[in-house]
Amino acid sequence: MVRPEIQAEVDRVIAGFRQECQQVLEETARLQSSLPEPPEGWREYFTRRIYTALLKYKEDVEAVVEAHLAGEEKA
């Protein structure tokens with residue numbers, strides 16, 4: 001069972017990552033029209049930007065898992 005405070009933290013992390021993904025995708029048209037195509041291509045460029053955004057949440061995800069496991073041990 002996932003405690004409500006853990007679920008709230010998961011929801012926060014997911015919402016933040018979703019917002020970052022949307023931001024990157026919204027930039028595609030503007031950047032493609034104003035910049036030359038990167039050597040790796042647009043697909044790889046935007047995919048890498050989204051992966052980088054996900055890495056920003058690595059510590060948050062680790063903290064969620066740690067808190068969840070600590071709660072499981074107490075149960």
Side-chain angles (χ1 to χ4, degrees):
M1 181 85 178
V2 177
R3 298 186 326 265
E5 63 272 16
I6 299 297
Q7 185 60 53
E9 194 61 15
V10 168
D11 292 343
R12 183 192 65 77
V13 170
I14 290 171
F17 179 61
R18 179 182 298 121
Q19 182 178 359
E20 299 232 15
C21 284
Q22 288 173 336
Q23 248 179 327
V24 168
L25 295 174
E26 288 170 359
E27 291 178 358
T28 57
R30 184 178 57 78
L31 290 178
Q32 285 178 315
S33 66
S34 65
L35 296 175
E37 184 169 349
E40 71 270 24
W42 288 114
R43 181 175 161 267
E44 186 63 32
Y45 173 79
F46 288 112
T47 300
R48 183 170 29 86
R49 293 230 2 239
I50 290 173
Y51 284 150
T52 300
L54 178 60
L55 288 175
K56 289 168 48 175
Y57 293 94
K58 180 182 181 289
E59 289 180 6
D60 291 345
V61 170
E62 289 171 346
V64 166
V65 170
E66 196 171 310
H68 175 68
L69 292 175
E72 291 285 306
E73 290 173 0
K74 292 178 185 178

> According to the ring pair (Phe, Tyr, Trp, His ring centres under 6.0 Å) rule, which pairs have a member within residues 1-34, sequence neighbours left out?
Replying inline: none
> Do V61 and V10 pass the side-chain contact (heavy atoms from CB on, under 4.5 Å) test, and can you show the C-alpha distance, the side-chain angles, and the key distance before you say yes or no?
Replying inline: CA-CA 8 Å; V61 170; V10 168; over 6 Å; no
> What pairs with E62 under salt bridge (charged side-chain N to carboxylate O under 4.0 Å, His left out), at least two apart in sequence or on another chain?
Replying inline: K58
> Just wondering, are more than 12 heavy atoms of other shown residues or ligands nearer than 6.0 Å to CD in Q7?
Replying inline: yes
>> Please list all pairs meeting side chain to side chain donor-acceptor pair (under 3.5 Å) that have one or both residues in residues 22-32, counting only residues at least two apart or in different chains.
In response: E27-R49
>> So, using salt bridge (charged side-chain N to carboxylate O under 4.0 Å, His left out) as the criterion, who are the partners of R12 when residues are at least two apart?
In response: E9, D60
>> Please give me the minimum heavy-atom distance between E20 and A53, naming the atom from each residue.
In response: OE1-CB, 3.6 Å
> If Ile, Leu, Val, Met, Phe, Trp and Tyr residues are connected whenever their side-chain heavy atoms lie under 4.5 Å apart, and connections chain through other members, are L31 and I50 in the same group?
Replying inline: yes
>> Can you give me the closest heavy-atom contact between W42 and L35, atom names plus distance?
In response: CZ2-O, 3.6 Å
>> Filter on ring pair (Phe, Tyr, Trp, His ring centres under 6.0 Å), then keep only pairs touching residues 47-71, sequence neighbours left out; what's left?
In response: none
>> By the salt bridge (Lys or Arg N to Asp or Glu O under 4.0 Å) test, which pairs, at least two apart or in different chains, include something from residues 31-48?
In response: E40-R48
> Hey, what do you get for CG (L69) to CD1 (I6), rounding to the nearest 0.5 Å?
Replying inline: 9.0 Å
> Is it true that V2 and I14 fall in one hydrophobic cluster, defined by side-chain heavy atoms closer than 4.5 Å?
Replying inline: yes
